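Here's the structure, in structure tokens; my notes come after.
Owing to the predicted nature of the structure, the values given are computational and were not obtained by experimental measurement. These values consider heavy atoms only, across backbone and side chains, with no hydrogens, waters or symmetry-generated copies.
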Amino acid sequence: MGKKVVIIGGGIVGLCCAYYLQNEGHNVILVDKSSMNSGASYVNAGYLTPSHIVPLAAPGMISKGLKYMFNSASPFYMKPRLESDFLKWAWAFKKSSTPRKVKTAMPIIRDINLLSRDLYDDLKNNPDLGGFHYERKGLLMYFQTNKEGDHEIKTSQEAKKLGLESNILDKEGIKEVETGVSVNAIGAVHYHCDGHTTPVNFMEKMKSYLLANGVQILKDTEVVDFGIEAQKLKSIKTKTEEIDADHVVFAAGSWTKNLSRKLDLNLLLEAGKGYRIDVSESTGITMPAILLEAKMAVTPMQGFTRFAGTMEFSGVNHHIRKERVDAIASGAEEFYEGLKIATEFKQSAQCGLRPVSPDGLPYIGPVKNLKNLTIATGHAMMGWSLGPATGKLVAELVSEKKPSLDISPYHPLRKF
């Protein structure tokens, strides 16, 4: 018999949880405090990234954060602040940034990414949902210096050990793959395992599908409290009503930390702000790419080219820093010959908050002290890539089935 499941959060993870829970026969209600038309799920680079096997918490990242702390235009920016939660998170991040822990994380990240990519294939083949933009052309990692090139080639060698195919391109090789524009790079690594999408296209189709299949979606509805009885969540409380639930899923991204606090759960989670510029003029760009020196992503989407990047830890806010937008535009213009991003596109830049765990692995799973709560957040820069896999795993857990993957590495209250 299906359960009444309330999902808090209407981003890519929340929608995918709703999709797979509905497929399992559950009665699903999705609640989001926003209008569900903006945020990280709409402004991301749209990548499916099995190649991204190295977590954000990697050796040297804390040093970079300290180096860039007083440069708000830097690609990895930590705003100086003496908040206890942030300091605890930063300490856990530092402890996670060791070669041994990164090596342990690599196959874990690969496996959940490959599962998610296969699920995107299945979603594309769903005649009632299909038609969304999705291509499997791989991902190019452009480099302008031998330093960045050597580092990426080394990463690609580790990826090959994990069964992820790639090859190294020189200048001529780049021209054969990216035929639409001249690239100012001395080489690239081409990962063949990756894909890309147009996020807003997928999100709108998924919302329509869910509504048509009986999922109730409550927009502009903020959860303010919970009803608890005998170590179970009996209900969620909004500003206007109380909704009973057999099971509750926290998929509220960076806001999940505040929800967890109401239940006395200490979830280490920080909001990592990313920016995007959408250029609707023709750029000639045909291949998705990471510009390594600029630390940014480029994606040819349906009707426009997206330039996205930066990781900014400055708390939960949507303040647009002009200097960071300008840095993205400048970085792109340095890599693509003849590219000039007009002021109108920079002025229309948007940002989104990515929920970042200290070790770069998501939080997926139950917590001991609340028998009917499942947490699904903390995906950092891979939220878009891992949405379907997370939804599938959550649905299996709620349905009391064996998960498709070992979920122990993703335990929400794991020690760092």
Rounded to the nearest 0.5 Å, how far apart are [atom1] of [X] and [atom2] of [Y]?
X      : Y      : atom1 : atom2 : value
Thr145 : Leu292 : OG1   : CG    : 8.0 Å
Glu293 : Lys147 : CD    : NZ    : 9.5 Å
Lys392 : Ile112 : NZ    : CD1   : 13.5 Å
Asp246 : Ser235 : CG    : OG    : 11.5 Å
Leu210 : Cys16  : CG    : SG    : 9.0 Å

Hey, is the main chain of [Y] close enough, under 3.5 Å, to the side chain of [X] for a donor-acceptor pair?
X      : Y      : answer
Thr104 : Arg100 : yes
Asn44  : Ser41  : yes
Ser116 : Ser385 : yes
Thr179 : Lys175 : no
Lys207 : Met36  : yes
Glu178 : Gly180 : yes
Asn184 : Glu337 : no
Lys4   : Asp244 : yes
Arg354 : Gly272 : yes
Arg414 : His411 : yes

Between [X] and [Y], is any pair of side-chain heavy atoms under 4.5 Å apart?
X      : Y      : value
Thr221 : Asp32  : no
Thr390 : Val13  : yes
Val5   : Val249 : yes
Phe335 : Met296 : no
Leu129 : Met206 : yes
Glu204 : Tyr42  : yes
Leu119 : Leu115 : yes
Lys33  : Asp220 : no

Can you confirm whether more than 12 heavy atoms, excluding those of [X], are under 6.0 Å from its [atom1] atom?
X      : atom1 : answer
Lys137 : NZ    : yes
Glu400 : CD    : no
Lys237 : NZ    : yes
Lys171 : NZ    : no
His192 : NE2   : yes

Which heavy atom in [X] sits nearest to a heavy atom in [Y], and how many Å separate them?
X      : Y      : result
Leu413 : Asn266 : CD2-O, 3.9 Å
Pro55  : Gly360 : CB-CA, 4.1 Å
Gly138 : Met287 : O-CE, 4.4 Å
Ala57  : Val102 : O-CG2, 3.5 Å
Ile375 : Ser260 : CD1-OG, 4.4 Å
Phe345 : Ser280 : CE2-OG, 3.3 Å

Please determine whether salt bridge (charged side-chain N to carboxylate O under 4.0 Å, His left out) holds for the pair Lys401 and Glu396, giving the CA-CA distance in whole Å, both sets of side-chain angles, and the decisive distance to 0.1 Å. CA-CA 5 Å; Lys401 293 183 175 181; Glu396 290 168 340; over 6 Å; no
Can we say [X] and [Y] salt-bridge, meaning some charged N sits less than 4.0 Å from an Asp/Glu carboxylate O?
X      : Y      : value
Arg321 : Glu312 : yes
Lys154 : Asp150 : no
Asp278 : Arg276 : yes
Glu158 : Lys103 : no
Asp121 : Arg136 : yes
Glu148 : Lys295 : yes

I'd like to know whether Glu270 forms a salt bridge (charged side-chain N to carboxylate O under 4.0 Å, His left out) with Lys257, so could you lay out the CA-CA distance, the side-chain angles of the two residues, the decisive distance to 0.1 Å, and finally the verdict. CA-CA 8 Å; Glu270 285 296 318; Lys257 181 171 73 172; 3.2 Å; yes
Give a yes or no on whether the ring-centroid distance for His26 and His247 is below 6.0 angstrom. no
Does the ring of Phe226 carry Lys262 above it, NZ/CZ under 6.0 angstrom from centre and within 45° of its axis? no
Show your reasoning for whether side-chain contact (heavy atoms from CB on, under 4.5 Å) applies to Val177 and His190. CA-CA 9 Å; Val177 177; His190 186 188; 4.1 Å; yes
Asp194 vs Thr49, test: side chain to side chain donor-acceptor pair (under 3.5 Å). Steps then yes/no. CA-CA 5 Å; Asp194 291 10; Thr49 54; 5.6 Å; no
Checking Leu30 against Leu218 for the side-chain contact (heavy atoms from CB on, under 4.5 Å) test, could you report, in this order, the C-alpha distance in whole Å, the side-chain angles of both residues, the deciding distance, and whether it holds? CA-CA 6 Å; Leu30 188 147; Leu218 304 179; over 6 Å; no
Parallel, tilted or perpendicular, judged at 30° and 60°: which one describes the rings of [X] and [Y]?
X      : Y      : result
Tyr142 : Tyr336 : perpendicular
Trp384 : Phe202 : perpendicular
Phe86  : Trp89  : parallel
Tyr47  : His52  : perpendicular
Tyr120 : Tyr134 : tilted

Could you go through Asn317 and Lys273, starting from their C-alpha distance and side-chain angles, then the distance that decides it, and tell me whether this counts as side-chain contact (heavy atoms from CB on, under 4.5 Å)? CA-CA 8 Å; Asn317 67 80; Lys273 188 189 298 181; 2.6 Å; yes
Trace of the side-chain contact (heavy atoms from CB on, under 4.5 Å) decision for Tyr363 with Leu269: CA-CA 10 Å; Tyr363 294 129; Leu269 193 70; 3.9 Å; yes
Is it the case that Asp359 and Ser357 place a side-chain donor and acceptor less than 3.5 Å from each other? yes
Step by step, work out the ring-ring contact (aromatic ring centres under 6.0 Å, His included) result for Tyr19 and Tyr209. CA-CA 9 Å; Tyr19 178 89; Tyr209 173 89; 5.3 Å; yes
